Amino acid sequence: MNWFDKIIPPKIQTKAGLGKRGVPQGLWSKCAACQAVLYSVALQHSLQVCPKCNHHMRLAAKPRLQAFLDAGEARWLAESVQPLDILKFRDRKRYRDRLSDAKKASSSSEALLVAHGALKGAPITAVAFEFDFMGGSMGSVVGERFVRAVQHSVTQRQPLVCFSASGGARMQEALFSLMQMSKTTAALTRMRQLAIPYVSVLTDPTMGGVSASLAMLGDIIIGEPDALVGFAGPRVIEQTVRETLPQGFQRSEFQLAHGAIDMIVDRRELRDTIGALLAKLGFNGVSPPPADRPDDTPPTAGSQPSPATASSAKRE
Amino acid sequence: MNYLEFEKPIAELEEKITELESVSSSRELDLDAEIDKLRNRSRALTREIFAKLDAWEITQIARHPLRPYTLDYIERMVVGFQELHGDRMYADDAAMVAGLGWLDGQRVALIGQQKGRDTRERTRRNFGMSRPEGYRKAQRVMKLAERFQLPVVTLIDTPGAYPGVGAEERGQSEAIARSLQVMSTLKTPIVAVVIGEGGSGGALAIGVCDKLLMLQYSIYSVISPEGCASILWKSADKAAEAAAALGVTVTELSRNGLIDEVIAEPLGGAHRDYDAIAGRVKAAVSAALKPLTALDTSTLLARRYAKLTGFGRFHIHK
């Protein structure tokens, strides 16, 4: 409070929660990429993607899952799995305090939320990391919730989709957090053997132990545009190699160019893209597209493909 | 001998002993009684200092420049070791050693990180920090071992996976993730031993196993104490505090049920007696393998799955 505010009688002072001109805070946001001033409600509708420049801002776990699953279909799983400060970890701050601060800051119960519901009518399990909860770091709760999501997919024989956003392992849980890498991987590997699809969506940022385990093991790996994806953080690499990193290093586009991911998809098209992909893997919800015949002749019952069709099919 | 800061009193005594020895031989004086007394004192002092090492001092022993490395163990533990090279995709990573041999009459596949002893070798071995091709070579040899029913023994000693541009371009994350996947369902027993530094994902990438052993003065951590200090304390100088908080030592890790067995080191650390420590590691690995090789594959894999998914501490809120 500056001296001027202090001398104003209390009655004239602006109410808490209102900005300088009586505008409720949070009504407008600014795009970090193009600086455009955006109406928050519109931004919510566009899933935190800037309508002006398509910059993908971070999207919290809960709205992410609600928007991804068919409307009103999200049911939450594994919420009962809650953190424990087993090591009584303390750096400049106690881990216990960091946990309660994170809960307030993110309004999430931990760094991973699990939901099940439907995607285009087909049953599905979906998990999302909450970056605002201690940088989306993976500790025992994230590992256990993830494994429960996998188990749900296995028992229901339904696909699993993961939206990652994480700085990596949670240091405050020391080696317990490292072991979550092998824990989540073991569960995913079992699901893989049962041929249940796992789609991994990498959002900004996906780094360290999360990237080097569950995120990079998708049957299909999708990057959101411009998401930072890698193992070591860019600053650590810069300090090691002592040179400035090239523009776009470790971004989704870089990962696509280096063969690490299958595709880059705009957040607003993820539902359509993943729904169509899962249908092709045999997990239907969308109706199959019309028969795609090279010569466009309508299929007739019992007819053999014409020689032209057969040869064009061979050429593919 | 290369002494660490906290070993200074031992170093001073040892220096005195060497001095007396040279005096006694050059002047033909009989100082044996005196020398023996000093030796005993040095041993007692070492025992005393090593009995109360803190996490940061143990970290320094784990990284000791004279500490036995993977190839030192292989040379002493394994008969007829044949190294295998290359990932069949891009390169051969000298920071990761893999090969086949005989351990106590049992054929095994051995995989371990290798640090270098001198400057040239350190550069060649990249300080034991693997690139993706190292993990992919390890995966290849593990799958080979699986097909021919050789148990896998891994020796962990790495500061971590290499943080470099090329490593990222070639998929460091994928390489580590795939290693975890391969190991979680490998149809042959896996015994892992942390012989020095167990550095984060780079260590775990050859550390998924049925039985995890650790040398007494080795460390295993999710992040280096220095890295943790610079992130959480905003100062790399707090590494000692971070090492303590992270609980990187065998005492803390055993207490939390994260490791299965501790292999005692010779007085003063493994680097004081290579043959002794190699003998103990060999005996411990051999003993660990026996019951595992007797299991049928489905039991082995079921137990491994239960072990891997059992890691973690949380509470269930009703």
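A note on names: the letters A, B, ... follow the listed sequences, proteins ahead of strands, and every chain is numbered from 1. Just so we're clear, the structure is a prediction, and the values are computed from it rather than from any experiment.
Using a cut-off of 4.0 Å between Lys/Arg side-chain N and Asp/Glu carboxylate O, B/K211 and B/D260 are scored as not salt-bridged. A salt bridge links B/E252 with B/R255; the closest basic N to acidic carboxylate O contact falls under 4.0 Å. Here B/E121 pairs with B/R124 in a salt bridge; the nearest charged N to carboxylate O distance falls below 4.0 Å. Here A/E173 does not pair with B/R313 in a salt bridge; the nearest charged N to carboxylate O distance is not below 4.0 Å.
For the set B/G201, B/S200, B/A244, the count of heavy-atom pairs under 4.5 angstrom toward chain A peaks at B/S200. Ranked by non-hydrogen atom pairs under 4.5 Å with chain B, the options A/A212, A/A232, A/A186, A/G259 are led by A/A212. Of the residues considered (B/L180, B/I176, B/V222, B/L232), B/L232 shows the highest number of contacts with chain A, using heavy-atom pairs under 4.5 Å. Ranked by non-hydrogen atom pairs under 4.5 Å with chain B, the options A/V147, A/V81, A/V241, A/L214 are led by A/V81. Chain A forms the most heavy-atom pairs under 4.5 Å with one residue out of B/L246, B/L258, B/T185, and that residue is B/L258. When each of A/A260, A/A187, A/A169 is checked for heavy-atom pairs under 4.5 Å with chain B, A/A187 comes out on top. In terms of non-hydrogen atom pairs under 4.5 Å with chain B, the most contact-rich of A/V236, A/L217, A/D85 is A/L217. Ranking A/Q82, A/M216, A/M179, A/H258 against chain B, the residue ahead of the rest is A/Q82, based on heavy-atom pairs under 4.5 Å.
One side chain, B/R178 or B/Q181, offers a donor N or O that lies under 3.5 Å from an acceptor on the other.
If you measure heavy-atom distances from B/Y305 to chain A, the contacts under 4.5 Å come from the side chain alone. In this structure, the portions of A/I237 lying under 4.5 Å from any heavy atom of chain B include both its backbone and its side chain. Using a 4.5 Å cut-off between heavy atoms, A/Q193 touches chain B through its side chain atoms alone. Only the side chain of B/I223 comes within less than 4.5 Å of a heavy atom in chain A; its backbone stays farther off. Using a 4.5 Å cut-off between heavy atoms, B/S173 touches chain A through backbone and side chain atoms alike. Residue contact with chain A, scored on non-hydrogen atoms closer than 4.5 Å, is absent for B/R170. For chain A, the nearby parts of B/V165 are the backbone and the side chain; heavy atoms of each come within less than 4.5 Å. For chain A, the nearby parts of B/T309 are the backbone and the side chain; heavy atoms of each come within less than 4.5 Å.
Residues satisfying the salt bridge (charged side-chain N to carboxylate O under 4.0 Å, His left out) test with B/E241, not counting sequence neighbours, are B/K238. Residues passing the salt bridge (charged side-chain N to carboxylate O under 4.0 Å, His left out) test with B/E57, sequence neighbours excluded: none. Looking at residues two or more places apart in sequence or on another chain, you find no ring pair (Phe, Tyr, Trp, His ring centres under 6.0 Å) involving A/F131.
Of the candidates A/R267, A/R58, A/R251, A/E224 forms a salt bridge (charged side-chain N to carboxylate O under 4.0 Å, His left out) with just one, namely A/R267. Exactly one of A/S108, A/S107, A/S109 qualifies for a side chain to side chain donor-acceptor pair (under 3.5 Å) with A/E130. That residue is A/S108.
Applying the 6.0 Å contact sphere to CD of A/Q247 captures no more than 12 heavy atoms from other residues, nucleotides or ligands.
Annotation: side chain of B/L308 is not in contact with side chain of A/K183 (no heavy-atom distance under 4.5 Å). The shortest distance between side-chain heavy atoms of A/L277 and A/M263 falls below 4.5 Å.
Heavy-atom neighbours of chain B within the stretch residues 88-101 of chain A, taken at a separation under 4.5 angstrom, comprise A/F89, A/R90, A/D91, A/R92, A/R98.
Ring geometry, A/F254 versus A/F249: the interplanar angle exceeds 60°, so the pair is classed perpendicular (tilted spans 30 to 60°).
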